[in-house]
Protein chains: 2
Amino acid sequence: MQSSERQKEIVAAVFNLISDQGIQELTIKKIAQAVGVSEPAIYRHFESKSDILAAVVDEMIAHRNTTFARISGNSAATTLASFFTVQSILFEDLPALTIMLFPEDLFRNDTVLLTRIMDTMKDTLGRIRELLQAGIDEGSFRPDLDRDAVALMLVGGFRLLVSSWRLDPASGRLKEKTRRFIDGVWPLISR
Amino acid sequence: MQSSERQKEIVAAVFNLISDQGIQELTIKKIAQAVGVSEPAIYRHFESKSDILAAVVDEMIAHRNTTFARISGNSAATTLASFFTVQSILFEDLPALTIMLFPEDLFRNDTVLLTRIMDTMKDTLGRIRELLQAGIDEGSFRPDLDRDAVALMLVGGFRLLVSSWRLDPASGRLKEKTRRFIDGVWPLISR
DNA sequence: ATTTGGTTAGTTAACGTTCGCAAACATACT
DNA sequence: AGTATGTTTGCGAACGTTAACTAACCAAAT
């Protein structure tokens, strides 16, 4: 089922609202105001608030898949580094998308959405472990790498980096911070 | 101002409730039920819901300070490893305390609380950077370590580890997972 | 003529919070 | 010891607000 213009507009507004004020503060009223219509008009395009959040999750997953599609085709080490830089560029352009990184608390009261998003995150971690293994195989990374630990470090570290940038955007460009992070980590895992 | 027995009881109940259901689901009604009194009775012990959350933050900060006090006195490398193991033991004993690690989204609508908790987190990162520097100075860690990047990696990785354990406690003991994480990371940063 | 997308004016339920009153309890006086 | 008194801690009922959502209606487009 493909979404109409208004539906896209609503989902985009929800991204911004969650990003700015957190999901606790997300109300139909605010969504309607952001889009510029009355509250009931929202219900012409989505059956319920839960339905809207499902569409938000859909878009988050689609963005992740796009990212993975864009970075593949290089060496494992390059692909892995690109995963973070591509996301940092995306987030700098559309900061609202950073909520993708912190979904656990967002949908805690919606089991279905939570399961979907957590499965996606597990898959992401799995892909990064695979990239680490491929990097070992191609001779870029230390052969004694603990792939589980390093995958946690990389993803967790990046998340923390992004969240601190979001809380204090004046501290510098995310892309630059990400580059420094990768430059700091790579010597540790390269052989 | 020291807190009464009932106040402690209420704060403990709030930790559990937030940990189980998230802060969006936290209501005075549920707190009252958990403690076993009526809703208005809660207001005999706290002026407002916001007041209760402030007490929760106080306890989170107190726990952090206790942790740092307990681990100091060893070599920098040992102290740093202990920081994570001590917390993993604490979290396994009282899983509700894991919300300490993910405070950003919790208090997004309360500027004062958010600022306090974020300052505490910045301080924690700073202390870890200091421990890394001390570890370099005492010859345990690689002298070329990027302390900013490694501090992010360590804290971010641990957070991710804890959050995945919380979502699937059947996957094993947190203390054991933490030990494996440290064992995987230490060879990368040791010299 | 019916679908589409909008409106105003509700409903219902849940929220944080307050009010007035009654036990329970400690303290003080006889 | 027994009674008076004030404070603490509880309760049921209710208040004001806001949430998600619905009903009924209307205008333009297909």
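Letters go in sequence order (proteins before strands), and every chain restarts at 1.
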* Give the ring-plane orientation class for B:Phe84 versus B:Phe181, where under 30° counts as parallel, over 60° as perpendicular and anything between as tilted. => perpendicular
* **Pairing of B:Arg180 and A:Asp148 as salt bridge, 4.0 angstrom limit** => no
* Return the value, rounded to whole Å, for the distance between atom OH of A:Tyr43 and atom C1' of D:dT22. => 9 Å
Distance-only donor-acceptor pairs under 3.5 Å for side chains of residues 117-125 of chain B, two or more places apart:
unit_1	atom_1	unit_2	atom_2	d
B:Thr120	OG1	B:Arg116	O	2.9
B:Asp123	OD2	B:Arg64	NH1	3.0
B:Asp123	OD2	B:Arg64	NH2	2.9
B:Asp123	OD2	B:Arg127	NE	3.3
B:Thr124	OG1	B:Arg64	NH1	2.8
B:Thr124	OG1	B:Thr120	O	3.0

* To do: Run the numbers on B:Trp165 and B:Arg173 for side-chain contact (heavy atoms from CB on, under 4.5 Å), then give the verdict.
  => CA-CA 8 Å; B:Trp165 170 74; B:Arg173 294 194 55 197; 5.8 Å; no
* To do: Look at the side chain of A:Ala41 and decide which nucleotide, out of C:dT7, D:dA20, C:dT17, has an atom nearest to it.
  => C:dT7
* To do: Test B:His63 against B:Glu59 for side-chain contact (heavy atoms from CB on, under 4.5 Å), laying out the working first.
  => CA-CA 6 Å; B:His63 265 290; B:Glu59 189 162 322; 3.8 Å; yes
* Report the nucleotide, chosen from D:dT9, C:dG16, C:dT7, that has the shortest atom-to-atom distance to any side-chain atom of B:His45. => D:dT9
* Structure fact -> Taken to the nearest whole Å, CD/B:Glu39 to C1'/C:dA14 is 10 Å
* **Annotated protein contacts, base or backbone, on nucleotides 24-30 of chain D with a non-hydrogen cut-off under 4.0 Å, one of B, S, - each** => BB-----
* **Separation of D:dA20 C1' from A:Asp51 CG (nearest whole Å)** => 14 Å
* Atom pair distance, as rounded to whole Å: CD in B:Gln24 and P in C:dG16 -> 13 Å
* To do: Check A:Ser88 against A:Leu174 and note the closest heavy-atom contact, atom names and distance.
  => O-CD2, 3.6 Å
* **Residues forming a ring pair (Phe, Tyr, Trp, His ring centres under 6.0 Å) with A:Phe83, sequence neighbours excluded** => A:Phe68
* Structure fact -> Expected list for residues 29-38 of chain A near DNA chain C, using heavy atoms below 4.0 Å, is A:Val37, A:Ser38
* Asked: What residues form a ring pair (Phe, Tyr, Trp, His ring centres under 6.0 Å) with B:Phe141, not counting sequence neighbours?
  -> B:Trp186
* Starting from P on D:dT9, measure out to CZ on B:Phe46 and report it in whole angstrom. => 12 Å
* **Between C:dT4 (P) and A:Glu47 (CD): distance, integer Å** => 14 Å
* Pair listing, side-chain hydrogen bond (donor to acceptor under 3.5 Å, both in side chains) test, anchored in residues 130-140 of chain A, at least two apart -> A:Gln133-A:Asp137, A:Gln133-A:Arg147, A:Glu138-A:Ser140
* Asked: When the distance from CD1 of A:Ile42 to P of D:dT22 is rounded to whole Å, what number comes out?
  -> 14 Å
* **Atom pair distance, as rounded to whole Å: CD in B:Glu25 and C1' in C:dA14** => 12 Å
